[in-house]
Peer 1: 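Provided herewith is a single structure, encoded as structure tokens, for subsequent inquiry.
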Amino acid sequence: MDPDAGGSTAAPSTSTATPGTGPGAETKEGVGKKVMVILVGPPGSGKSTFAEAVLNAAAATGRPWARVCQDTIGKGKAGTKILCLKAAADALKEGKSVFIDRCNLEREQRADFVKLGSTVQADVHAVFLDLPAKVCISRSVSRTGHEGNLQGGMAAMVVNRMLKKKEVPLLTEGFSRIMFCKDDDDIKKAVDTYGALGPSDSLASGVFGEKSKVPVQAGIMRFLKKADTSSAQKSSGTMLTSSERNPGQQNTLPKQENPEAIGTCSIEVEKKSNNMKKNEEQSKQSVSSVINSHTLAFPSISTADFQFDLERASDIIVDTAAEFVQKHDNGRLVLVDLSQKSRILSLVKDKASKKSIDSSRFFTFVGDITQLKSKGGLQCNVIANAANWRLKAGGGGVNAAIFNAAGEALQRATKECADTLRPGSSVSVPLPSTSPLHQKEGVTHVIHVLGPNMNPMRPDCLKNDYTKGCKILHDAYNSLFENFASIVQNHTVKQNVETSSKKSASGVISPNDSKMKRADSHDSERAKKYKLLPPILPSRQNHEHKGSNTQNHHDNSMGSSDAPNQAREEDGKKNSAVTSKTWGSWAQALYEVAMHPEKYKNSDSILETSDEVVVLKDLYPKAKKHVLVISRTDGLDSLADVKKEHLPLLRSMHSVGLKWAQKFLEEDASLTFRLGYHSVPSMRQLHLHVISQDFNSPSLKNKKHWNSFTSAFFLDSVDVMEEVEQQGSATISPDEKILGMELRCHRCRSAHPNIPKLKSHIAACKSSFPSHLLKKDKLLSASTPHMDCT
DNA sequence: GTTCTAGAAC
DNA sequence: GTTCTAGAAC
């Protein structure tokens with residue numbers, strides 16, 4: 001109970017420890033009293049023991065604690081980080097303080113938890129169990145029955161590897177307090193500190209348990225090590241080999257580890273900020289280095305005329321820029337604004353430095369985006385334009401300025417690339433060398449971007465819907481940065497091709513030249529990548545899509561003599577007029593069977609054929625019994641095509657499905673069946689799934705498989721028939737995100753970290769099915785009286 | 001080292 | 001839809 005029990009290294013601040021104001025009631029409501037302690041340490045460092053010891057000790061304090069342990073979060077077994085995050089969020093919401101019991105050795109591993117802590121206004125602490133590697137290894141080697149099979153000789157190697165990647169927790173990551181525990185004494189102090197923390201106490205901020213003298217040396221050691229990595233690598237080469245050969249004896253490791261392990265926050269922070277300043281200065285001063293690298297200058301999208309909230313916009317800019325920097329090795333991003341006082345610039349600058357983004361790759365610049373080289377001394381080969389949806393020159397702001405500066409050449413070049421632009425997308429336009437912007441400023445590409453609009457006076461106003469708005473703005477920046485990355489990549493390859501061709505005797509690249517092929521393959525890669533970006537509306541790309549689809553039909557002729565390609569092609573056209581979906585070559589199998597079942601007569605997969613339907617055993621059944629009732633109506637590819645006129649067909653399909661379910665139930669009375677459609681099927685040709693609810697099949701392999709049969713993505717046949725009858729069509733939730741959702745048991749709805757764990761659960765789960773399935777005969781079992789559907 | 005997932009390619 | 005594979009996690 002005594003908050004001072006932690007000893008001198010961890011004296012809780014007394015400022016908020018004011019007892020006598022009803023501590024019991026305060027626990028849940030007191031803001032800022034919750035603590036999230038992120039444990040940091042390799043396997044064998046004693047994280048779980050630590051957390052349990054605190055939980056035991058804290059029982060007397062009245063502060064509720066929860067321990068979120070990744071090793072046991074999946075129903076007693078190992079789970080995922082996502083599960084941990086969810087559990088932590090739930091516990092914090094309930095007013096509990098939390099221990100995050102997972103390795104958390106890398107900054108990235110910790111970041112999401114830190115973020116969670118700050119969103120629920122909890123104090124975020126780190127306790128770094130920084131014991132000698134030897135100790136952790138020997139503990140993890142000797143333990144038995146550890147989840148995740150991390151024990152024995154293997155553990156040594158894993159711990160060894162993890163320690164190589166470890167990153168010392170820093171205050172700049174968002175921790176308000178960090179405790180270093182280098183031995184059992186330190187650990188005991190930390191246990192006492194947290195174990196004694198009353199509901200209304202809080203601990204002082206700062207770094208504790210760090211020896212002040214050693215770190216300086218460590219910092220120097222680290223610096224020296226970095227300065228001469230090559231020689232260090234050479235000298236340690238033999239040592240590494242010996243340790244690999246004999247992982248049990250890690251005598252080289254503690255030595256190697258010492259300089260990495262220590263390093264005070266203050267030194268780290270100073271080093272970081274010095275680096276940042278240095279980088280910033282470099283990027284401003286040395287123009288020559290800028291010329292040599294690809295640089296994208298971009299205005300803040302949507303925050304001027306489109307009135308998008310600056311706070312949110314700055315978050316998105318920093319996030320997407322950080323992603324870009326992490327993902328791509330080349331290319332720099334510069335956010336440009338005209339005014340020195342620009343609020344968006346200062347917001348972004350602050351957030352970027354907090355996020356420790358490499359400031360030589362992403363920085364802000366004050367200047368006119370059309371005169372960056374001539375007036376600002378900053379050469380940017382690519383600039384982004386905050387365009388309008390028509391990609392027209394007029395208007396005001398950046399759009400007008402860029403079109404004016406680039407002249408007619410940009411308008412012509414833009415027209416060649418696209419007619420219109422959708423919010424959240426971008427289009428990259430090569431700027432002809434005749435353009436003054438190209439000549440004066442060295443701009444080779446303009447990327448037009450359209451962001452979300454919050455201005456009621458402008459088209460497509462989102463009326464303050466920031467959920468949509470943020471997503472669109474995020475997409476817009478992603479699209480912009482990916483287009484830029486393609487330019488960088490393409491340019492690099494072209495340069496390589498050019499230099500190598502110059503070296504060759506002729507200097508001319510013939511079509512047969514292998515170097516040319518390399519360039520081609522890259523171009524096609526680029527084209528593919530481009531397609532993945534949010535599509536631009538213009539017909540150009542739609543044609544491309546349809547073209548490739550037609551190609552697929554050709555490819556899929558499979559030499560069948562009595563099915564002329566021409567007819568197939570017409571089918572494709574007819575259907576693409578009904579549904580907008582395009583079908584890959586692999587998605588045609590059911591169509592083939594439905595149109596020509598006689599060809600597959602000898603296959604034992606076909607159970608029944610009539611004028612209306614074909615019944616087929618699913619080639620990759622997702623349960624003990626899984627058959628498809630395929631409609632034979634040409635042109636009816638999915639539920640989206642179904643109209644009232646198809647109601648008799650739906651009823652026939654249902655009836656045939658029921659018949660087969662009955663038949664299977666006679667063979668095995670333990671089964672339960674469900675009949676339904678996938679909202680968005682992967683295979684062309686309307687088909688009804690008849691599937692037993694055991695889901696016991698090796699072909700059920702992933703999240704998508706599971707969720708497609710157990711979430712709202714699976715539409716019960718009875719509901720579909722009812723909706724089509726009443727509304728003339730079935731309600732299809734277009735959200736395919738549902739397929740990526742967490743894995744939940746279809747009976748008891750419990751969550752599971754992965755497919756194997758889920759499968760072992762469902763094999764044993766005896767809970768009754770959710771109530772919505774018990775209505776309207778959605779489930780068929782031996783005990784259910786079967787209803788005919790006529 | 002193994003287990004598992006997610007994304008790309010077909 | 002499946003298969004293959006890189007990489008995340010321990």
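Every value quoted in this text rests on a predicted model; they were computed, and no experiment measured them. Residue numbers start from 1 in every chain, and the chains themselves are labelled A, B, ... in the order their sequence lines are given, proteins ahead of strands.
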Peer 1: Rounded to the nearest angstrom, tell me the gap between atom CD in Glu106(A) and atom P in dG7(C).
Peer 2: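 Distance check: Glu106(A) CD to dG7(C) P gives 14 Å.
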
Peer 1: With sugar-phosphate meaning primed atoms plus P, OP1 and OP2, does Leu619(A) contact a base, only sugar-phosphate, or nothing at under 4.0 Å between heavy atoms?
Peer 2: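 It contacts nothing in the nucleic acid.
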
Peer 1: Rounded to whole Å, please give me the gap between NE2 in His689(A) and P in dG1(C).
Peer 2: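 After rounding, the reported distance stands at 7 Å.
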
Peer 1: So if I take every side-chain heavy atom of Met683(A) and compare against dA9(C), dG1(C), dT3(C), which nucleotide ends up nearest?
Peer 2: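 Of all the options, the side chain of Met683(A) is nearest to dG1(C).
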
Peer 1: Just by distance, no angles: are the side chains of Arg102(A) and Gln109(A) close enough, under 3.5 Å, to form a donor-acceptor pair?
Peer 2: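 Present: a donor and an acceptor within the cut-off.
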
Peer 1: Would you kindly say whether Arg674(A) and Gln693(A) are connected by a side-chain donor-acceptor distance under 3.5 Å?
Peer 2: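 No pair is found: no donor N or O on one side chain lies under 3.5 Å from an acceptor on the other.
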
Peer 1: The side chain of Pro756(A) lies closest to which of these nucleotides: dA9(C), dG1(C), dT5(B)?
Peer 2: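 Comparing dA9(C), dG1(C), dT5(B) against the side chain of Pro756(A), the answer is dT5(B).
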
Peer 1: How many Å lie between CD1 on Ile100(A) and P on dC10(C), as a whole number?
Peer 2: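 Spelled out: CD1 on Ile100(A) to P on dC10(C) is 12 Å.
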
Peer 1: So, does Gln70(A) get its side chain near the phosphate of dA9(C), meaning an N or O under 4.0 Å from OP1 or OP2?
Peer 2: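 For Gln70(A), the contact criterion (side-chain N or O under 4.0 Å from OP1 or OP2 of dA9(C)) is not met.
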
Peer 1: Return no unless some side-chain N or O of Lys757(A) is found under 4.0 Å from OP1 or OP2 of dT5(B).
Peer 2: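 No, outside the criterion.
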
Peer 1: For Asn702(A) and dT5(C), what is the distance between atoms CG and C1' respectively, to the nearest whole Å?
Peer 2: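 About 15 Å, once rounded to whole Å.
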
Peer 1: List in chain and number order the residues that pass side-chain contact (heavy atoms from CB on, under 4.5 Å) with Lys355(A), two or more places apart in sequence or in another chain; answer none if no residue qualifies.
Peer 2: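 Lys355(A) satisfies side-chain contact (heavy atoms from CB on, under 4.5 Å) with Val318(A), Asp319(A), Ala322(A), Ile357(A) once adjacent residues are dropped.
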
Peer 1: Output yes when at least one side-chain N/O atom of Lys704(A) is less than 4.0 Å from OP1 or OP2 of dG1(C), else no.
Peer 2: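 Lys704(A) to dG1(C) OP1/OP2: side-chain N or O found under 4.0 Å.
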
Peer 1: Does His705(A) place a side-chain N or O at less than 4.0 Å from the phosphate oxygens OP1/OP2 of dG1(C)?
Peer 2: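 Checking His705(A) against dG1(C): no side-chain N or O falls below 4.0 Å of OP1 or OP2.
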
Peer 1: Compare the minimum distances between each of dT3(C), dA8(C), dC10(B) and the side chain of Trp586(A), then state the nucleotide with the smallest one.
Peer 2: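 Of dT3(C), dA8(C), dC10(B), dC10(B) is nearest to the side chain of Trp586(A).
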
Peer 1: Once you round it to whole Å, what is the distance between P of dA9(C) and CG of Asp101(A)?
Peer 2: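 Going from CG in Asp101(A) over to P in dA9(C) covers 16 Å.
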
Peer 1: Rounded to whole Å, please give me the gap between CD in Glu742(A) and P in dA6(B).
Peer 2: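 Nearest whole value for this atom pair: 13 Å.
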
Peer 1: In whole angstrom, give the distance that lies between atom OH of Tyr591(A) and atom P of dG1(C).
Peer 2: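 To the nearest whole Å, that distance equals 20 Å.
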
Peer 1: Between the side chains of Ser426(A) and Asn483(A), does any donor sit under 3.5 Å from an acceptor?
Peer 2: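 There is such a pair (donor and acceptor under 3.5 Å, judged by atom type) between the side chains of Ser426(A) and Asn483(A).
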
Peer 1: Does a side-chain N or O of Lys703(A) approach OP1 or OP2 of dA6(B) to a distance below 4.0 Å, or not?
Peer 2: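 It does, given that an N or O in the side chain of Lys703(A) lies less than 4.0 Å from OP1 or OP2 of dA6(B).
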
Peer 1: Will you find, in the side chains of Arg744(A) and Ser711(A), an N or O donor that is under 3.5 Å from an N or O acceptor?
Peer 2: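 Per modelled atom types, Arg744(A) and Ser711(A) side chains form no pair under 3.5 Å.
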
Peer 1: Phosphate oxygens OP1/OP2 of dC10(C): is one of them under 4.0 Å from a side-chain N or O of Arg102(A)?
Peer 2: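 Checking Arg102(A) against dC10(C): at least one side-chain N or O falls below 4.0 Å of OP1 or OP2.
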
Peer 1: Please pick, from dT5(B), dG1(C), dA8(C), the nucleotide with the shortest atom-to-atom distance to any side-chain atom of Asn754(A).
Peer 2: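 Looking only at side-chain atoms, Asn754(A) lies closest to dT5(B).
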
Peer 1: How many whole angstroms separate atom NZ of Lys759(A) from atom P of dT3(B)?
Peer 2: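 After rounding, the reported distance stands at 15 Å.
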
